[in-house]
Protein chains: 2
Amino acid sequence: MGRNKKFDPTVVLHDIGWLFIKNGYNGTSLDDIVKVTGILRGSLYSTFGSKLGMFIAAFELSLHEEDPQLKWGLLLIAMLEVAPQSTKVAQMIQTWYATNQTPDIEAQIGHALLRHSGIITKGE
Amino acid sequence: MGRNKKFDPTVVLHDIGWLFIKNGYNGTSLDDIVKVTGILRGSLYSTFGSKLGMFIAAFELSLHEEDPQLKWGLLLIAMLEVAPQSTKVAQMIQTWYATNQTPDIEAQIGHALLRHSGIITKGE
DNA sequence: ATTATTATTGACTATTCAGTCAAAAATAAT
DNA sequence: ATTATTTTTGACTGAATAGTCAATAATAAT
């Protein structure tokens with residue numbers, strides 16, 4: 001009963017995820033998110049609860065999906081910016097790490113960060 | 001002529017550096033910096049010009065010093081948070097990378113990030 | 001001792017921030 | 001068609017933000 005959402009949360013979370021990757025977590029404002037998604041703050045808050053809720057939902061989505069760019073981008077931001085202020089995010093990273101531990105995992109992370117910061121590109 | 005500084009900029013930059021490591025760049029406010037250093041904003045601005053100037057000075061110092069914790073902490077923050085909004089910082093990282101490129105550099109970066117985020121500790 | 005120069009002080013500003021909420025709109029269920 | 005329920009809307013709030021600046025204090029150079 002009542003109306004249905006006008007937007008697809010999954011689509012919106014992709015937009016939000018890429019925005020966090022571009023600007024960082026603390027570097028992204030809610031006005032930025034409103035602008036990028038076209039969804040007004042009230043709707044965003046009623047769906048995701050808080051800015052942190054938006055990050056967590058986008059991060060979780062990225063872990064259950066195929067796009068490695070999105071996943072690595074959000075992982076880096078989660079590790080460096082968000083984990084210190086959210087035990088839930090810290091636990092999510094822990095879980096991911098426990099599941100994905102390989103001999104070259106550190107090199108993979110380092111590679112992702114070098115790519116993220118633009119110091120190396122594609123093949124390099 | 002005129003009075004000399006009451007504080008040692010090098011000491012202050014260490015305090016600022018550790019604060020940036022703890023809270024991130026965008027997560028650190030000038031009130032935080034004032035509190036930690038005991039130096040009022042006017043003096044900080046007349047010495048370092050801007051918040052970005054404070055980061056750059058602390059980062060540069062860390063690259064010319066011995067403390068690896070400080071250096072790696074600021075490198076991570078520089079790569080993930082600051083480089084996207086400062087070409088100067090991006091160049092500093094480039095220069096550092098060109099000079100310190102080794103076969104295991106990516107693993108080193110990944111290791112530093114895992115440590116920073118508390119996912120691994122000391123020996124692990 | 002005077003003075004020109006520099007540093008300190010901290011109140012102030014204008015802007016941006018995350019988050020709220022009452023009203024309006026839409027619609028699923030009956 | 002009515003109604004109960006949900007979503008949307010966007011103006012609003014109080015707090016925090018980076019940065020400024022005129023006044024004051026200190027002092028190095030003369």
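A note on names: the letters A, B, ... follow the listed sequences, proteins ahead of strands, and every chain is numbered from 1.
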Quick one: which protein N/O atoms are closer than 3.5 Å to N/O atoms of nucleotides 11-15 of chain D? Pair and distance per line, please.
none

Short N/O separations, protein against nucleotides 22-24 of chain C, under 3.5 angstrom:
none

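Contact annotation for S43(A): base contact, defined as any heavy-atom pair under 4.0 Å involving a base atom.
For residues 53-78 of chain A, the pairs satisfying side chain to side chain donor-acceptor pair (under 3.5 Å) are H14(A)-E65(A), with sequence neighbours left out. Residues in residues 12-35 of chain A take part in these salt bridge (Lys or Arg N to Asp or Glu O under 4.0 Å) pairs, two or more places apart or across chains: D31(A)-R41(A). Among pairs with a residue in residues 76-94 of chain B, those fulfilling side chain to side chain donor-acceptor pair (under 3.5 Å) read N26(B)-E81(B), at least two apart in sequence or across chains.
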Donor-acceptor contacts under 3.5 Å from residues 4-12 of chain A side chains, at least two apart:
residue	atom	partner	partner atom	Å
K5(A)	NZ	T47(A)	OG1	3.2
D8(A)	OD1	T10(A)	N	2.9

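Every residue meeting the ring pair (Phe, Tyr, Trp, His ring centres under 6.0 Å) condition with F20(B), not counting sequence neighbours, appears here in chain and number order: Y25(B), F55(B). Judged as a side chain to side chain donor-acceptor pair (under 3.5 Å), and not counting sequence neighbours, the contacts of T102(B) are D104(B). Residues that satisfy the side chain to side chain donor-acceptor pair (under 3.5 Å) test with Y97(B), not counting sequence neighbours, are Q101(B). For L40(A), the side-chain contact (heavy atoms from CB on, under 4.5 Å) criterion is met by V34(A), not counting sequence neighbours.
For M1(A), counting side-chain heavy atoms from C-beta on, the closest listed nucleotide (dG19(C), dA29(D), dA4(D)) is dA4(D).
Residues of residues 74-82 of chain A having a heavy atom closer than 4.0 Å to DNA chain C: none are found. A heavy atom closer than 4.0 Å to some atom of DNA chain C occurs in K6(B), F7(B), these being the qualifying members of residues 6-26 of chain B.
Under 4.0 angstrom from either OP1 or OP2 of dA28(C) there lies at least one side-chain N or O belonging to N4(A). Dashed line: the shortest gap from a side-chain N or O of S46(B) to OP1 or OP2 of dA7(C) is not under 4.0 Å.
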